[in-house]
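Presented below is the structure to which this report refers.
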Amino acid sequence: MPFYTMPDGEKLFVREIGHGEPVLVLSGLGMQSWQWLPFIFQNIKHYKFIIPDWRGFGGSKNCKIPQELDAIQNHWRDVDSLITQLQLDQFMLIAYSMGATTAMHGMQYGNLREKLKAYLNIDQTPKIPTDESWQFGLFGKKHYKFKRLLQDLSKFLHQYVEYRFVDDLPLEPRNQLVQIWLSFIKIQGSNKFSPFIFNLALKHPQLQKHILPIRRLDYLTWYIDNYLNHDEDYRDAISELDCATTFFIGEQSTLYPSEGQKQISSRLKNANTIIFKRSGHTPLITEPVKFSKEIQQFLKQAI
């Protein structure tokens with residue numbers, strides 16, 4: 001059954017592939033479920049992978065946005081509903097980036113900890129904001145500069161709520177949106193090719209709809225506002241995990257400094273840390289062979 005009905009009646013697309021022990025996979029922002037296939041295909045004879053497409057992406061691109069919930073709260077509600085419908089218990093969970101934030105939200109506000117047999121956290125911090133108690137939030141020392149950009153972007157998007165898609169915007173505000181997004185790319189600084197692409201898109205407007213992670217402006221606004229206002233602290237929730245836990249950490253990550261993730265890993269009773277020395281936030285792209293092998297090793301250790 002590729003679609004599951006969520007509590008608000010929307011149909012969430014869920015890719016299910018393989019046979020055997022269930023493994024729930026929660027993607028990062030902007031990903032679609034098919035992008036996991038190269039990394040899990042060799043394991044489908046022994047494991048059944050369950051991979052939802054988040055609202056706004058892939059098969060779930062037409063799901064409505066629940067106005068009463070932010071993105072993470074909604075994602076957890078959707079995941080919790082899926083777990084209940086599939087009657088999952090003592091299952092393995094692979095969670096990357098925003099998917100890992102969703103998982104930690106479920107550990108803090110739901111009963112996810114009790115249901116996990118093994119957990120894989122891929123390059124994500126348990127606390128998005130940087131403050132006096134935590135120096136390893138989103139963009140680390142650049143967090144406050146990043147937050148100002150989020151505020152600018154949120155203000156911009158709320159001015160154009162009558163437009164549905166990026167390519168519906170008039171040329172001048174569309175260029176402004178690309179300029180703001182280029183500032184995000186420059187803060188990250190891990191991909192030297194991206195600024196070239198964005199500058200090219202400023203000269204060739206027909207490219208602009210292809211370079212932003214989300215074409216729908218309402219979804220882009222929803223996700224931007226989520227990161228702007230997200231102030232949860234999941235450090236205690238994840239530290240209380242008893243199941244076998246593995247951390248994939250990109251040593252070069254500018255989004256989530258590796259030191260903070262290592263600190264959290266060291267607090268767990270039963271944690272294994274895998275460092276991707278040549279990678280930032282996307283080890284599945286920069287070190288795909290190692291990423292596949294370590295996914296397989298995680299699955300085997302959890303048997």
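Numbers here are sequence positions counted from 1. Only heavy atoms go into these numbers, but all of them, side chains included; no hydrogens, no water, no symmetry mates.
- Sorted by first and then second residue, the pairs that involve residues 90-99 and meet side chain to side chain donor-acceptor pair (under 3.5 Å), not counting sequence neighbours, are Ser97-His281.
- Atoms CG and CG, from Leu284 and Asp123 in turn, are 10.0 Å apart once rounded to the nearest 0.5 Å.
- Atom CZ in Arg15 sits 10.0 Å away from atom CD in Gln35 (nearest 0.5 Å).
- Between the side chains of Ser27 and Trp54, no donor-acceptor pair of N or O atoms lies under 3.5 Å.
- Between Lys127 and Glu232, none of the side-chain N atoms (NZ, or NE/NH1/NH2) sits under 4.0 Å from a carboxylate O, so this pair counts as no salt bridge.
- Enclosure of atom CZ in Phe41 is not indicated, since only 12 or fewer non-hydrogen atoms of other residues, nucleotides or ligands lie within 6.0 angstrom.
- Checked against side-chain contact (heavy atoms from CB on, under 4.5 Å), Ser266 has no partners two or more places apart in sequence or in another chain.
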Contacts table for residues 59-67: side-chain donor-acceptor under 3.5 angstrom, sequence neighbours left out:
from: Ser60; atom 1: OG; to: Phe13; atom 2: N; distance (Å): 2.9
from: Ser60; atom 1: OG; to: Asp53; atom 2: O; distance (Å): 2.7
from: Gln67; atom 1: NE2; to: Ile65; atom 2: O; distance (Å): 3.2

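- Taking the six-membered ring where tryptophan is involved, the planes of Trp36 and Phe39 are perpendicular, since the angle between them exceeds 60° and thus also 30°.
- Listed by first and then second residue, the salt bridge (Lys or Arg N to Asp or Glu O under 4.0 Å) pairs that reach into residues 81-103 come to none, sequence neighbours excluded.
- Here Asn272 contributes atom CG and Leu120 contributes atom CG; the two are 10.0 Å apart, rounded to the nearest 0.5 Å.
- Pairs passing the salt bridge (Lys or Arg N to Asp or Glu O under 4.0 Å) check and including a residue from residues 39-50, sequence neighbours excluded, read Glu16-Lys48.
- Evaluation of the side-chain contact (heavy atoms from CB on, under 4.5 Å) rule for Arg148 yields Tyr144, Lys145, Gln151 as partners, not counting sequence neighbours.
- Counting only residues at least two apart or in different chains, salt bridge (Lys or Arg N to Asp or Glu O under 4.0 Å) contacts with residues 92-104 are absent.
- Residues meeting the salt bridge (Lys or Arg N to Asp or Glu O under 4.0 Å) test with Lys147, sequence neighbours left out: none.
- Taking 4.5 Å as the limit, every side-chain heavy atom of Thr5 sits out of range of all side-chain heavy atoms of Leu12.
- Counting heavy atoms from C-beta on, the side chains of Val161 and Thr221 never come closer than 4.5 Å.
- Counted by atom type alone, Gln85 and Ser81 present one or more donor-acceptor pairs between their side chains at under 3.5 Å.
- Glu287 and Ser279 share a side-chain donor-acceptor pair at under 3.5 Å.
- Under the side-chain hydrogen bond (donor to acceptor under 3.5 Å, both in side chains) criterion, Thr246 pairs with no residue, sequence neighbours left out.
- The shortest side-chain heavy-atom distance between Phe248 and Ile295 falls under the 4.5 Å cut-off.
- Here Glu251 pairs with Ser258, Lys262, Ile275 under the side-chain contact (heavy atoms from CB on, under 4.5 Å) rule; sequence neighbours left out.
- Between Thr101 and Tyr234, some side-chain heavy-atom pair lies under the 4.5 Å cut-off.
- Among pairs with a residue in residues 66-80, those fulfilling salt bridge (Lys or Arg N to Asp or Glu O under 4.0 Å) read Asp8-Arg77, Arg55-Asp78, Glu68-Arg77, at least two apart in sequence or across chains.
- Side-chain atoms of Gln261 and Tyr256 form no donor-acceptor pair, as typed in the model, at a separation below 3.5 Å.
- The distance between the ring centers of Tyr227 and Tyr223 does not fall below 6.0 angstrom.
- Taking the centre and axis of the six-membered ring of Phe91, the NZ or CZ atom of Lys115 falls outside the cone set by 45° and 6.0 Å.
- With no hydrogens or angles considered, a side-chain donor-acceptor pair links His158 and Asp225 at under 3.5 Å.
- Residues meeting the side-chain contact (heavy atoms from CB on, under 4.5 Å) test with Asp242, sequence neighbours left out: Lys269.
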